[in-house]
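This report refers to the structure that appears directly beneath it.
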Amino acid sequence: MGVTSLVCLLLLLVIALTNGKKQPHILYIVMDDVGWTDVSYHGAEYSTPVVDELARTGVDLTQFYTQPVCSPTRSSIMTGRYPFRTGLQHWTTILPGSLAGIPPEDPTIAELLRDSGYHTAMIGKWHLGSGNWSQLPTRRGFNSFTGYLQAETDYYSKQFGGYDFWQNETVFWGANGTYSYDQYDAAFKDVMRSYVASKTTKPLFLYYSHQLAHVPLQLPDNSVYLERCANITNDWRRTYCAMMKRMDDSIGQTIQAFKDAGLWDDTILVCLSDNGGMVAYDIEWPASGGVNFPLRAGKTTLFEGGVRGISFLNGGRNVLPYYVRGTKNSDLWHVTDWGSTVLSIAGVPVPPKIQRDSFNMWPALMKQKPGQRDEIPLNIRPGGVVGTAIRVGDWKLISRPRDISFYDGWFPIPGRGSYEPAPDHSGDEYLFNIAKDPYERQDLSHDPIYEPLLKMLRGRIQSYLDKDFRPAQPNYQVCDPVNGAWVPCGP
């Protein structure tokens, strides 16, 4: 054990003796590509009863922001840092065979928790580096891992230009041919069984990064899920509904297992989506079945449909006070903020470079004081021009989003309205007052009265470029599949 780890343990001992409290179990649930209107408590045309109930009885975050695509968001989840600090602001996300990944000098939340006494486990999607063995989840803080390493994989064949499904550091060929959730369910049961059987006093950190509802759109192998969606006439939306219901059931089973094991009363649950939903922007070949309406556009864009995410907090009676249950938090949140917040809940010292980007929002969640955040750098790119956006207070500036996005407009639930294209736009910038115009229908960038405001917002973007900005890591295929499977080719 290193000096840092020893210091962390000693600090935790002092905290425990002082407060008389033990570290909580931490359950992270990440939903992949789930849009604003893909859950029924936001208006989906199908029910997601488990997610709805957890949001209703917990603390629902109404102004929670992510990055527009998955690798950047996931890097923020794992490091508590903005992706432009770690070189992971790729618009293409991390490509198969690339050597890009979380820099070794940036500790992950899993590493910090593990070194502070937690037993750590991961299930599902990684997508934070797999070209080097040192980038695998088991080398970045997790005691165990079952899942896949790339952006996506076929739910049955586990193919994405090569086979991609793993148990710890071994390719899991036995997963071929069965729906992924058979493996995830088995892995979760193994994690819980071994944890309980060990009778360890270590708290548990489980990062359950769901594959659903990312493409490919593939029906679960149990027909009951499609039957529950029989009322939906649109084919791809019906498949999407079945996938969402499968995930909703899985989340419910996860919570029940924590309760059956006697862990739930001491568990904090963090649930979030990694970006907006991928909408059917091409009717002939729908990119996916997600819906963000009435928010504008969706995944890959900097409009609200791409970066306004779903997130809520729940947990057991010993960690989540009764007086905050059933409340909504309207403070500005960025996905990085869960880093400092969770570490603080666990009594783990937060490294200074995480504190710089990630705010501890626990006091705001507990209604002790307002949230600390007043601005969010939604995306910072070289030059501060192409695909850059920031929100400061009620105001949001986007620079040249069309240079990196291939669709725009408003995409309602199929059968409940028609696609509405975005109005013609001239110039490189969009300016919105999100408090008054949450659906981004009135661009104010051409009104001269707002030029001082635009100048201020451009200055805030430049301030991020001027200090600790890290250019995007090289992101191209270096490794090739070996014997048909994606495996690391570096140390």
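Computed from a prediction, not measured in an experiment: that's the story for all the values here.
- Here the closest heavy-atom approach between residue M244 and residue D38 is recorded as CE-O, 3.2 Å.
- Contact of the V324 side chain with the L365 side chain is not registered, since no non-hydrogen atoms from C-beta on lie closer than 4.5 Å.
- The side-chain heavy atoms of I398 and F303, taken from C-beta on, include a pair separated by under 4.5 Å.
- Between the CZ atom of F84 and the CD1 atom of I380 there is a distance of 5.0 Å, given to the nearest 0.5 Å.
- Taking the centre of each ring, Y179 and Y155 come in below the 6.0 Å mark.
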Between L206 and F258, is the side-chain contact (heavy atoms from CB on, under 4.5 Å) condition met? List the steps.
CA-CA 11 Å; L206 175 61; F258 268 70; 4.1 Å; yes
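- A salt bridge links R228 to D249: one of the charged nitrogens lies within less than 4.0 Å of a carboxylate oxygen.
- Outside the 6.0 Å centre-distance limit, the rings of Y240 and Y46 are not counted as a close aromatic pair.
- Ring-plane geometry between W333 and F64 is classed as tilted, the angle between the planes lying from 30 to 60 degrees on a 0 to 90 degree scale.
- Counting only N and O atoms by type, the side chains of T341 and D337 include no donor and acceptor under 3.5 Å apart.
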Side chain to side chain donor-acceptor pair (under 3.5 Å) evaluation trace for W236 with N234
CA-CA 6 Å; W236 50 261; N234 180 282; 3.2 Å; yes
Show, in sequence, the C-alpha distance, side-chain angles and deciding distance for V51 and Y41, and conclude whether the side-chain contact (heavy atoms from CB on, under 4.5 Å) test is met.
CA-CA 8 Å; V51 169; Y41 78 97; 4.0 Å; yes
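- Residues F469 and Y464 place their aromatic rings such that the two centres sit no closer than 6.0 Å.
- No side-chain donor from either of T388 and S399 sits under 3.5 Å from a side-chain acceptor of the other.
- Side-chain contact between P137 and L149 is present, with at least one heavy-atom pair separated by less than 4.5 Å.
- In this structure the side chain of I123 never reaches within 4.5 angstrom of the side chain of Y207, judged on heavy atoms.
- Note that K158 lies in the cation-pi zone of F165, set by a 6.0 Å cut-off to the ring centre and a 45° limit from the axis.
- A donor atom on one side chain and an acceptor atom on the other are not found under 3.5 Å apart for S40 and S47.
- The side-chain contact (heavy atoms from CB on, under 4.5 Å) test with S311 is passed by exactly one of T62, L61, V335: L61.
- Contact check for L99 versus C479: side-chain heavy atoms found under the 4.5 Å cut-off.
- A salt bridge between R441 and E420 is present, with a side-chain N of the basic residue lying under 4.0 Å from a carboxylate O of the acidic one.
- For W486 (side chain) and F160 (main-chain N/O), a donor-acceptor pair under 3.5 Å exists by modelled atom type.
- Aromatic ring centroids of W126 and W166 lie 6.0 Å or more apart.
- Between A213 and S288, the shortest heavy-atom contact is O-OG, 4.2 Å.
- In this structure, G141 and R114 approach most closely via the heavy-atom pair CA-NH1, 3.6 Å.
- The one candidate from Y184, F188, Y181, Y28 that meets the ring pair (Phe, Tyr, Trp, His ring centres under 6.0 Å) condition with H210 is Y181.
- Neither side chain, S71 nor R74, offers a donor N or O lying under 3.5 Å from an acceptor on the other.
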Hey, mind stepping through D248 and K245 against salt bridge (Lys or Arg N to Asp or Glu O under 4.0 Å) and telling me if it holds?
CA-CA 5 Å; D248 196 64; K245 285 185 172 293; over 6 Å; no
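- Residues D274 and K299 are not paired through a salt bridge, judged by the lack of any N-O separation under 4.0 Å between the basic side chain and the carboxylate.
- Between T57 and N314, the side chains place a donor N or O and an acceptor N or O closer than 3.5 Å (distance only, hydrogens not considered).
- When only modelled atom types and interatomic distance are considered, S358 and W338 share no side-chain donor-acceptor pair under 3.5 Å.
- Under a 4.0 Å N-O distance rule, the pair K125/E152 does not qualify as a salt bridge.
- Taken to the nearest 0.5 Å, the OG1 atom of T66 stands 9.0 Å off from the CD1 atom of I77.
- For the residue pair V350 and S344, the shortest heavy atom distance occurs at CG2-OG, 3.9 Å.
- With respect to D394 and K436, no salt bridge is recorded, no charged nitrogen being found less than 4.0 Å from a carboxylate O.
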Under the salt bridge (Lys or Arg N to Asp or Glu O under 4.0 Å) rule, what do E375 and R391 come out as? Steps first, then yes or no, please.
CA-CA 5 Å; E375 73 177 44; R391 179 168 171 184; over 6 Å; no
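- Between Y419 and F411, the gap from one ring centroid to the other is short of 6.0 Å.
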Going through the checks in order, is the salt bridge (Lys or Arg N to Asp or Glu O under 4.0 Å) test met by E440 and R308?
CA-CA 12 Å; E440 297 171 308; R308 180 73 75 91; over 6 Å; no
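- Salt-bridge annotation for E45 and R416: absent, with no side-chain N of the basic residue lying under 4.0 Å from a carboxylate O of the acidic one.
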Before giving the answer on salt bridge (Lys or Arg N to Asp or Glu O under 4.0 Å), spell out for R458 and E451 the whole-Å C-alpha distance, their side-chain angles and the decisive distance to 0.1 Å.
CA-CA 10 Å; R458 295 179 196 126; E451 186 55 38; 2.9 Å; yes
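- Side-chain contact of N475 with S98: a donor-acceptor pair under 3.5 Å is present, judged by distance alone.
- There is a side-chain donor-acceptor pair under 3.5 Å between D33 and N275.
- In this structure, CG on D106 lies 9.0 Å from CG on L88, to the nearest 0.5 angstrom.
- Of the possible donor and acceptor atoms, none in the side chain of T108 sits under 3.5 Å from a partner among the backbone N and O of T79.
- S445 and D443 share a side-chain donor-acceptor pair at under 3.5 Å.
- Annotation: side chain of L54 is in contact with side chain of I255 (closest heavy-atom distance under 4.5 Å).
- Nearest heavy-atom pair, S340 versus I354, reported as atom, atom and distance to 0.1 Å: OG-CG2, 3.7 Å.
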Set out, in order, the CA-CA distance, both residues' side-chain angles and the distance that settles side-chain contact (heavy atoms from CB on, under 4.5 Å) for Q442 and N433, then state yes or no.
CA-CA 8 Å; Q442 186 178 8; N433 184 322; over 6 Å; no
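- Between Y430 and H425, the ring planes lie parallel to each other; the angle is under 30°, not in the 30° to 60° tilted range.
- With no hydrogens or angles considered, no side-chain donor-acceptor pair links R373 and Q63 at under 3.5 Å.
- Side-chain atoms of H334 and Q67 include a donor-acceptor pair closer than 3.5 Å.
- The distance between the ring centers of H127 and H214 does not fall below 6.0 angstrom.
- Among R85, K353, R470, the one residue that satisfies the salt bridge (Lys or Arg N to Asp or Glu O under 4.0 Å) test with E105 is R470.
- Closest heavy-atom contact between T93 and C70: CG2-SG, 3.8 Å.
- Using a 4.5 Å heavy-atom cutoff, the side chains of P471 and Q89 are not in contact.
- At least one test fails for R296 against the ring of Y439: distance under 6.0 Å to the centre or angle within 45° of the axis.
- Side-chain atoms of Q135 and I102, non-hydrogen and from C-beta on, never get closer than 4.5 Å to each other.
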